[in-house]
Structure formats: C-alpha cells, structure tokens
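Computed from a predicted structure; not experimentally measured.
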Amino acid sequence: MAANPHAEHLKELLEDLNEPQREAVTHGEGPLLILAGAGSGKTRVLAHRIAFLIYTDQAQAGEILAITFTNKAAGEMRERVERLLGHGTRGMWVMTFHAACARILRAEAQRLGYTRQFTIYDQADARRLTKRSADAVGVDPKRFTPAAIHNQISAAKSRLIDAASYRQQVGSQFEEMIADIYDIYERDLHRMNAMDFDDLLFRTVNLLELYEEVRDRYRDTFRHVLVDEYQDTNHAQYRLLQLLVGGGRAPLRGHEAQPGERPTYAGPVGHRNLAVVGDDAQSIYSFRQADIRNILDFADDFPDARVVKLEQNYRSTQAILSAANAVIANNRGGIAKHLWSELGEGERIHLRVLDDDYAEARYVVGEIQRLLDEGASRAEIAVLYRTNALSRVLEETLTRSEMAYQVIGGTKFYERAEIKDAIAYLSLLVNPADVVSFTRVVNSPRRGIGQTTLAKVLANADSLGITVWEAAAQPERVPGLGAAAVKALGRFMDTMVALRDMAGVEHDRGEPLEGVAPDAGQRERAHAGVPVADLLEALLAQTGYVEALEAERTIEAQGRIENLEQLVEGAREFDARADAGQDTVAAYLQEIALVADADTRSDEGLVTLMTLHNAKGLEYPVVFIAGCEDGVFPHSRAIEEGGLEEERRLFYVGVTRAMHKLYLTHARRRAVFGAQTYGMRSRFLEEIPSELLDEPPEAAFRGGTLAGAGAGAGAGAYGAGLAAARWERPPGGAARSRAPRDRGQAGERTGNGAAGFRLGEDVVHAAFGDGVVTGIEPDGVIVVRFAGDGSERKLMAEYAPVSRR
DNA sequence: ATCCTGATTTTTTTT
DNA sequence: AAATCAGGAT
C-alpha cells in the first residue's frame, strides 16, 4: 500500500473515520455485513469504501455496482464518491435495484421473449391491468379490489413464485381465484411486451438463472457489489444478489421446493464480494415484501462474512438517542446495538397535546415561526407524519401563514391525467402491443371511439393474436364495427403511424411471445432518435390533444396545458443529456417510470413535509412528528394486523432523524375521512422515559398562542383563519353539534350571497393560495381561479378554507 | 357516446 | 374533503 500512487489520498480518506468505520472501508475481498445504527455514518462508509476500492486498484469504476433504495440516494451517493475521488464515476453503476434490472433487461430482453422496447408499468398501470384480468375471470369487483388482488400477485412475484407455482400451492378458494387472475395477468403482460415493477426483479433473476453466460458476464463485470438499506430487500433482490456474487442457499426460507420449480444455483463459484449495509431496527417496508431475515441471516448465508457494527451516532443528542433506544427496546428480537453520542445530552423532547388537527398544525407552524425568528433556517426543519393524508391540514396552515414549504412524495407530477396521457402516447408509439396505453389514449381527446368500439378492437386483436396496433390499423377488418367507428379509428391510426415514422421507431415484427429466442435481436437499431421533446410536441399537436384542451376554455385546461409544457421542457433537458444514438424514447420512458420522486427537489429555504417512510436516510436539526395518536401512528391497520413492531421501527426511524430538537404532537380530535374522530395518544409516547420529555401541564397551552407570531399579515390571516371558520361559526353551537350534511342550512346560505363573496374579489385559500372569485353559484358555491396552478375550482364558501384577502 | 349526478370509497407506507 | 365510480338521462 505504501507504493500506491494514491497514498496521500488514501491517508486522507481514512483519516477521520472511527475504528469500525475504517474496518468496514478497508475490508478487502469477500462478504461484509455492516450493521449501521441510525446516524452512524453508513452512507459515508459506503462512499468511502467505493473510493477505497478504486484507490487501491481493487476495482475500476466500471466494476462497481452500488445499489441504493431510491433514485435520490443514488444521486447523492454518486456525488459523494465523485467528491472523494475528485473526478467522475463513468461506468459505475450507482442506482436502485429496479433501475439496474431495467438496464440489464434492456440489453437482454430478447432472451426472455421481450423486445428491448418493453414497457414498464407503474403501480397504476398494473392495477388497471389487474382489473381487466379480474373482470375476465368474472370476479366481483365489489368484494375484491384490483389493488388488493394486485398486492397478492405482487407479493408472490417478489418471492419469485410464478403463476404456475402459485397455482400448485393454493390453499383456499381465494387463492384459487388469485391464481386464475395471476395466469391471465401474466399472459397479458407478456403479450403486451410489458413488465411491472416486480417483473424487473423477477425477470432479471430468471435471466441469470437461465443463461449461465449472461450470469458470468455480469458477475465478471461487477467485481464488487455494495447494497445500502439491506434490511429492506425482498426475496427477489436477495436472490439477485446471490446470483451476481455467487454463493447462496435454498430458494426461499419456509418455502419447500415445488415439483417443477427451477433448480437453485448454489455453487460457491462467484467472487462473493458483497458488502451490505443496514439496520434491522429500521426495517419498515415489509408491506413491500421486504424480508428482515435477509439481514438477520446474512452471517448464516456467508459464514465467513466479516461483521462490523457501527454504534457511534454523529447526528443526534443523547436525549434523542435515549428516547429512540428506549422505544425500540420494546421490540423483541433484533440485533443488539448500543447507540451512543458525544454530542451531549441536549434539550428534552417536546411533547404537546392539542385540541384538534388544526390546533396541532397551528402549534407546529407557530413553533417553526418562533425558531425561524431565533435564526433557524427553513431548510433545517422537517415535519413528518404517518400518512400522506395528514399533510393537508399542515399545508393549509403553512400556506395561510405564508411560509415556504415543500412536500416530498404525495401526489406526483407524473400521475396527473394529462401527463399520463402524453406518456401513454409515447409508450404506444414505441410498443404497439401496449394495450393499457392504447386504451388510455384512443379516445382522449374524444374522437368518437367509445367502450363498445374499443372492446371489439381488443377482442379482434386477441382472437387473431396480433397487437392492438395492428388490429386498429385495419379497422375495416374488425367484425361488427360501424362505419363511423371505422372512420374514426382510421383517422386516429393515420396520425399514430405518422408519429411513429417521425419517432423513427421500428416495431419489431412478430409477437414477443412464448419461445425464448436465444440470440435474436443482436441487430442494433441504429436510428438516431428524434429528440423526445420534439416528438412530444408533435404528438400533442397532431393528436389534437392540446387543441381539445384549448377548446375547453377553462382555467383548469389552461393549467393542464402548462403542465404539458413543463413535461416537454423536462424532456428537452433529458434530450440534452441523452447519449447520441441511444434509443431516446425508450430511455426516456424508462427514466420517468423509475424516477418517482422526480420533483423531489430539496431547494434551499423550504420547510420540508413528508411521510416517515420518505424520511428514511435523512436528517434535520429540527424534526416534528405530528399525529402521534393510536390509530394514526401506529396506524390502525397495523394494530389490527399485528404490525406493531414495524410501526415501532418506523417511530424509531422518525425520532432518529432529529439532530437537536424533536417535537412530538398529537391531537385529541382529528378529522378522518371528513368525520371527527377522537384518539388516544400514541402508545409509543408512553415508551419514552418521562425524564426525557418536556411536557407542560395541559392547561398551560391554549389555542391562540400564535397571535403576534411572525409577520403581521401572516399572523393576521391566521387568526381569521381556519379555526374561526371551522369551529366558531355557529354562534354558541360547538362543532360537535353540527350535522355532517345539512342541506337545509346550505340552502339558506344562498341568501347570504355565498357567504358574502363577490365576483372579482381577491381571496386566499389555505391549500391553493391566492385566487379570484370568477363565479357565484347557487347553494353557497363560489368559483375561484387560483393563481398558483391556474386551476379553477368550485368551493363551498361555507366550508372551504377560503377567505377574503 | 357523452354528460351529469349521486353514491361510494379512500388512508398506510413506495420502487 | 376529495376522488372515483356506477347508473341514468340526454
């Protein structure tokens, strides 16, 4: 090592690591398990380890596969490594499991009977397809929702149980039904040349099991494999890693090999250079089939594995750590860790009870305001909650007090209808068998192709074994279609063909069905690839999509057009960084399919709101956890279904996000599904030793604390705000006396002139921001156009959180 | 085929 | 409270 030209760098690299960290970083070949407590610097260790491997010539950049849990984490990891190396990381694979699999499958898809343009279906698409399959089986959609059914199928797939194996082990009528649907679902997916998220993993495993030379190639390519958040890997991911590094074990714990099941590769032939990092106490994704045993049993899988424990925490004060330790101690099992910190005791944890969800939000916002006045910055503050639904009231309150915030996760840009439509068009151009996309766009905008026509086309395609595209391209051949339908379809397909030619996409001939085509498709498709942005623009124009929106002449439609412009803009950025000659459209589609947290900008100067799950891996000087009530957190379903330990781990994750200040709040009364519910404080609060808590006697707190806080305008809007609108309106009548729906009253209000709003008046809405009244309708409804997103909405003046500005 | 209205559902958490 | 869905009217 002394002769290493990077000796200086190396020294520097190892300098400020503690002993176990250094041991993990400098571990040479062979399996390595890093048990990293919260805040113990695991990401840092991973990044340093990668840099170490390169500096010591144990690996080239292109020989490293580093798996992270989210795209965001991947980006950060790459950045860190680049900073350590002082140069780029060309050729290094730093990405999620799903992205890595998609990349491998693009190159090898032909072997599995797919074309390389296969479509990736997101959750919503997959559910749609599930619904179709369930309908085909004749399932009562009332009793079994597509979501529930798809969950079953997804669970099976992530345990590498295919439709045939599933059928062999059915043990109930319900499972038999699922087996029927699973069959059809799989058949259709394959016919459509599409994969769902689970397939990306499952098919990659298939590929590596089926083709030794492929497996060897990737095994040679990736000399070192590193995995972050190992405690949240599922069985398919576990298996994939075994295949990539060699080594391994029985197919699935507690799952007996079925007759006909593929033999498991078990030879200790690979390099076994697998380094995993995780914390069993932070395993919070079992609902996604994550199997905590993967980390618990790592040392059994690799008896010679080196195990390193990171227990010094560099993030939080001792008070916060003690609370976290005390809570997690209520879980049984797990690997013992003793987190400790040198940062001192710190202040106690603030625990507050509020009357209702609005009071809770006002407390949180007021406290944030106070901290800001003391010199904190918005970017240092995060508000966490169990479910996305809890963000609404917080958002309303933040908006009302004019405080800049961002929400991570939640409703995403790519889930908006107009965006999904545009994407579906692209997808159909690339993949003519994509029925889900075809169904979505064929009559959007309206062109007189309704359900009946669609059903006939689909049935025709099905019976002839051709793609929807082919069936629709010859409408006169579809039996039972009227002249109007034939004409409409003809016009639609003319447009689509023209667009496809522009895209320069060749549709692979023949069905990508059944028979695995060993070395088919090595011919390179060398079309240059039109800029995706241009294609999108052309598509939106030629299909009449934008025109139809313009014709609506509503502000809402205008907003949609703006969203589409944003999409085109994003595509243009993609084009700018896309490799020349790449199959741009397919690459673009893949990127947006896998980058769900695309709008996860962590702009400076914003208070951050997100679910506890989304907070994993992050840290903030100030953390609020709202909604600490039984039923909310722990979630009622977790209580019912015995998921308490995982909820507790989630609480542990939340607590350990905090560096200096931690606030836990709960409300006595909260609106759930619009109805008021009363909950008890979370049981997890009771698990925190009281000497760590700062909990004022209840009487000390009153709702109006906020008066006078912050900028005058903000505070003013506040006072006049929701509390008043919601609880004080019926004079003398407390909220509890209000009937849920009182139409008579609503009628009377009309006389009030929609609660006093006038046309053209400037108003502010708690969630949507500034707007102007563009219409007054009977029954107290006002129409407001909002400046923020350009939308126009109808609001109940009485109930909506809207007031004059 | 499309539009409207009332009923029903939604809330875990995400690649 | 908001979104989706089904059924019925046009």
J.: Tell me the interatomic distance from A:Glu629, atom CD, to B:dT11, atom P, rounded to whole angstroms.
T.: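 One finds 19 Å between P of B:dT11 and CD of A:Glu629, rounded.
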J.: Choose from B:dT13, B:dT15, B:dC3 the nucleotide whose nearest atom is closest to any side-chain atom of A:Gln123.
T.: B:dT15
J.: With the side chain of A:Thr453 defined as its heavy atoms from C-beta on, choose the nearest nucleotide among B:dT14, B:dT15, B:dA1.
T.: B:dA1
J.: Would you mind reading off the distance between A:Met95 atom CE and B:dT15 atom P, rounded to a whole angstrom?
T.: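 Whole-Å distance recorded here is 16 Å.
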J.: Scan A:Phe97 against the nucleic acid and name what it touches under 4.0 Å (heavy atoms): base, sugar-phosphate only, or nothing.
T.: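 Nothing, no heavy atom under 4.0 Å.
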J.: Of all the choices, B:dT11, B:dT13, B:dT15, which nucleotide is nearest to the side chain of A:Phe673 once you look at every atom?
T.: B:dT11
J.: Within this structure, what is the OH-to-P distance between A:Tyr238 and B:dT15, rounded to whole angstrom?
T.: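 The answer, rounded to whole Å, is 25 Å.
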J.: Side-chain N or O of A:Asn614 versus OP1/OP2 of B:dT13: is the shortest distance under 4.0 Å?
T.: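 Looking at the OP1 and OP2 atoms of B:dT13, neither is under 4.0 Å from any side-chain N or O of A:Asn614.
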J.: Is there a side-chain contact between A:Asn234 and the phosphate of B:dT15, meaning an N or O under 4.0 Å from OP1 or OP2?
T.: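 No, because none of the side-chain N or O atoms of A:Asn234 sits under 4.0 Å from OP1 or OP2 of B:dT15.
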J.: Between A:Arg649 and A:Glu646, is there a side-chain N and carboxylate O pair less than 4.0 Å apart?
T.: yes
J.: May A:Phe287 be described as stacking on the base of B:dT13, applying a 5.5 Å centroid limit and a 30° limit on plane angle?
T.: yes
J.: Return the 5'-most residue of the pair A:Gly448, A:His635 with respect to DNA chain B, ranking by each residue's nearest nucleotide.
T.: A:Gly448
J.: Starting at the 5' end of DNA chain B, which residue's closest nucleotide do you reach first, A:Asn151 or A:Gln451?
T.: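 Final value for this comparison: A:Gln451.
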J.: Between atom CD in A:Glu645 and atom P in B:dT13, what is the gap in whole Å?
T.: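 Between P of B:dT13 and CD of A:Glu645: 22 Å.
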J.: Check whether any side-chain nitrogen or oxygen of A:Thr611 sits under 4.0 Å from OP1 or OP2 of B:dT14, and answer yes or no.
T.: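 Affirmative; the distance criterion is met.
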J.: Check this for me, if you would: do A:Asp125 and A:Lys420 make a salt bridge, where the nitrogen-to-carboxylate-oxygen distance has to be below 4.0 angstrom?
T.: yes
J.: Using a strict threshold of under 4.0 Å (side-chain N to carboxylate O), is an ion pair present between A:Asp421 and A:Arg560?
T.: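 A salt bridge is absent here (no side-chain N lies under 4.0 Å from a carboxylate O).
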J.: In this structure, how many angstroms lie between the C1' atom of B:dT14 and the CD atom of A:Glu229, rounded?
T.: 13 Å
J.: Roughly how many Å is it from CZ in A:Phe69 to P in B:dT13, rounded to a whole number?
T.: 14 Å
J.: Looking at the side chain of A:Arg392, which of B:dT14, B:dC3, C:dA1 is the nearest nucleotide?
T.: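 My answer, after comparing the listed nucleotides, is C:dA1.
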J.: With the side chain of A:Phe197 defined as its heavy atoms from C-beta on, choose the nearest nucleotide among B:dT15, B:dT13, B:dT11.
T.: B:dT15
J.: Answer yes or no: is there an ion pair linking A:Arg400 with A:Glu396, defined by an N-O contact shorter than 4.0 Å?
T.: no
J.: For the pair made of NZ in A:Lys420 and P in C:dT4, what is the distance, rounded to whole Å?
T.: 12 Å
J.: Just compare B:dT15, B:dC3, B:dT13 and give me whichever is closest to any side-chain atom of A:Arg446.
T.: B:dC3
J.: Which part of the nucleic acid, if any, lies within reach of A:Asp122 when heavy atoms closer than 4.0 Å are counted: base, sugar-phosphate only, or nothing?
T.: nothing
J.: Can you measure A:Arg416 atom CZ to C:dT4 atom P for me and round it to whole angstrom units?
T.: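 The answer, rounded to whole Å, is 13 Å.
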J.: So A:Tyr285 and A:Phe69, would you call those rings parallel, tilted or perpendicular, with 30° and 60° as cut-offs?
T.: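 Rings of A:Tyr285 and A:Phe69: tilted, as their planes differ by 30° to 60°.
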J.: May I have the step-by-step check of ring-ring contact (aromatic ring centres under 6.0 Å, His included) for A:His635 and A:Phe287, ending in yes or no?
T.: CA-CA 13 Å; A:His635 193 275; A:Phe287 67 92; over 10 Å; no
J.: From the options B:dT14, B:dT15, B:dT11, select the nucleotide whose nearest atom is closest to the side chain of A:His98.
T.: B:dT15
J.: At 4.0 Å (heavy atoms only), tell me whether A:Thr452 reaches a base, stays on the sugar-phosphate, or touches nothing.
T.: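 If one applies the 4.0 Å heavy-atom cut-off, A:Thr452 turns out to touch the sugar-phosphate alone, with no base involved.
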J.: Looking at A:Asn388, does any N or O in its side chain come under 4.0 Å of the phosphate oxygens OP1/OP2 on B:dT11?
T.: no
J.: Using atom P of each nucleotide, how far apart are B:dT13 and C:dT4 to the nearest Å?
T.: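 Per the computed distance, 15 Å lies between those P atoms.
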